[in-house]
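Read through the structure below, which is laid out as structure tokens, and then see the notes.
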Protein chains: 2
Amino acid sequence: MRNASRKQQEKRERIILSAIAIMNREGFKYTTMEQVASEMRMTKGSLYYYFRNKQDLMFQCHELVLDQAIEDQKEAFKAEGTYGDKLRRMIHCHIDYAVNRKETFNMIIQPEQAFEKGQLPSIVEKRDDYARLFDRVVSEGIGAGEFQNSDVKIIRMILLGAMNWVQTWYRKDGLIGLDELKDLYAEYLLKLLK
Amino acid sequence: MRNASRKQQEKRERIILSAIAIMNREGFKYTTMEQVASEMRMTKGSLYYYFRNKQDLMFQCHELVLDQAIEDQKEAFKAEGTYGDKLRRMIHCHIDYAVNRKETFNMIIQPEQAFEKGQLPSIVEKRDDYARLFDRVVSEGIGAGEFQNSDVKIIRMILLGAMNWVQTWYRKDGLIGLDELKDLYAEYLLKLLK
DNA sequence: GAGGTTTTTTGAACATTGTTCAAATTTTTT
DNA sequence: AAAAAATTTGAACAATGTTCAAAAAACCTC
């Protein structure tokens, strides 16, 4: 029983990983249940044994990537340096996810399009966990006198919006390199707190 | 002939206006061809006489709203004041569109999800027209010595991203009023150029 | 390891929605 | 009024997500 359910959970995870790969290859909109099932050598009907519906599957893909991002951001925060250094690292980290895991990380941006109304609260919650990491570095930085006193929530929204937007226009074969871009973003965005 | 085609154009526009209304009511994803047709008292088959497909219709809805926005932004730019004043007005204007015509203006954000690949270039072009308005105020402001010398494109992307993001979290019944929000955004975003 | 129980998979059917198109209808022109 | 052009219809189709009863496979108990 415990055993069976672990096995089930493992398969669920394998499906999620597979779906993430497909989504990052084909794009969110063009990923079908058929494709996901086929990649797992099963029929699409079986997927509904593991996931209530497509959006549930998508949600779990999103969640997994978001969990990884949260971990990475915690690292970025913990590492030594001023609050400016911490925030700079976090900006780098976020842009990296936004660009390199576009299709899955992406869903943060417009969850209404990716998920059903009933699932929204659950997403928003995890998204908030992520957001709080930025609130923390900003408000601690303000407390330490390193950043200018500001409306933390608004600052956070400006930061996230600016960074998420990158993935709508950045192209790997474009004029500017990703590292250069990250530096510029960090430089400019830190001005918000000066 | 000229007459017929004008009539056709008028009906096309009436369909677009109707579709915009439905989208802003029901949301982008939940607007069907059936609904649009029904609201116009016609069958969905007929819609294909006026639009190649759904995405074509959506594109034209988007285009119309974007055209209006471009006009409004030009006004905001022309009105008197420093470049800071101009940019402040433009920020207010943009946030207004992003929040109040969310569903149609919105599509700017993730065109890949709303449109077909073939239609993208055409969208990007108009989007660029819009973006150039921001480039202009920023670079002229720099030229006039009012703004600090900066990478205009990056600044533009930060501005647009930050502003577009507002519509993902702002709720009319929330804690902060839209006017207050616009002021805060303008205040912080102008710091980017200090 | 046989028999029963639970878990998993299947495959067919269904629902929704976008799309096509030949034919019918309406409108316009001559 | 006849011919031509423009518009609309309605039925069919295609693609996909979803359901579900039945079959198959895996597991468990004695």
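Here is how names work: the chains are called A, B, and so on, in the same order as the sequence lines, proteins then strands, and each is numbered from 1.
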(request) Measure from the side chain of B/Lys11, starting at C-beta and using heavy atoms only, and say which of D/dG17, D/dT8, C/dT27 lies closest. (result) D/dT8
(request) Round to the nearest Å and state the distance from B/Tyr30 atom OH to C/dT16 atom C1'. (result) 14 Å
(request) Can you tell me the distance, in whole Å, between the CD atom of B/Gln35 and the C1' atom of C/dT17? (result) 11 Å
(message) Quick check on side chain to side chain donor-acceptor pair (under 3.5 Å): which of A/Asn164, A/Thr104, A/Asp72 does A/Tyr97 satisfy it with?
(response) A/Asp72
(request) In plain terms, say whether A/Asp129 and A/Arg132 are close enough for a salt bridge, that is, a side-chain N and a carboxylate O under 4.0 Å apart. (result) yes
(message) Counting only side-chain heavy atoms from C-beta out, which of C/dT19, D/dC27, D/dG17 sits nearest to B/Asn53?
(response) C/dT19
(message) Under a 4.0 Å threshold between the charged nitrogen and the carboxylate oxygen, would B/Asp96 count as salt-bridged to B/Arg101?
(response) no
(request) Enter the distance from A/Leu47:CG to A/Asp56:CG here, rounded to the nearest 0.5 Å. (result) 11.0 Å
(message) Output the rounded distance in Å from CD (B/Gln55) to P (D/dA15).
(response) 16 Å
(request) Please state how far atom CZ in A/Phe51 lies from atom P in D/dT18, giving the value in whole angstrom units. (result) 13 Å
(request) Assign the ring pair B/Tyr83 / B/Phe77 to parallel, tilted or perpendicular, where the plane angle (0 to 90°) is split at 30° and 60°. (result) tilted
(message) Expressed as a whole number of angstroms, how long is the span from A/Arg52:CZ to D/dC20:C1'?
(response) 18 Å
(request) Output the residues of residues 39-50 of chain B in contact with DNA chain D, where contact means a heavy atom of the residue under 4.0 Å from an atom of the strand; sort by number or write none. (result) B/Met42, B/Thr43, B/Gly45, B/Ser46, B/Tyr49, B/Tyr50
(message) Closer than 4.0 angstrom, basic N to acidic O: yes or no for A/Asp67 and A/Lys126?
(response) yes
(message) Taking only side-chain N and O atoms of A/Lys7, does any of them lie within less than 4.0 angstrom of OP1 or OP2 on D/dC27?
(response) yes
(request) Mind telling me whether B/His94 and B/Tyr130 have parallel, tilted or perpendicular rings, with 30° and 60° as the class edges? (result) tilted
(request) Write down the distance between CD (A/Gln9) and C1' (C/dT7), rounded to a whole number of angstrom. (result) 15 Å
(message) For D/dA6 and B/Gln8 - does any side-chain N or O of the residue sit under 4.0 Å from the phosphate oxygens OP1/OP2?
(response) no
(message) Tell me the interatomic distance from A/Glu10, atom CD, to C/dT7, atom C1', rounded to whole angstroms.
(response) 15 Å
(request) Can you tell me the distance, in whole Å, between the CE atom of B/Met58 and the C1' atom of C/dT17? (result) 12 Å
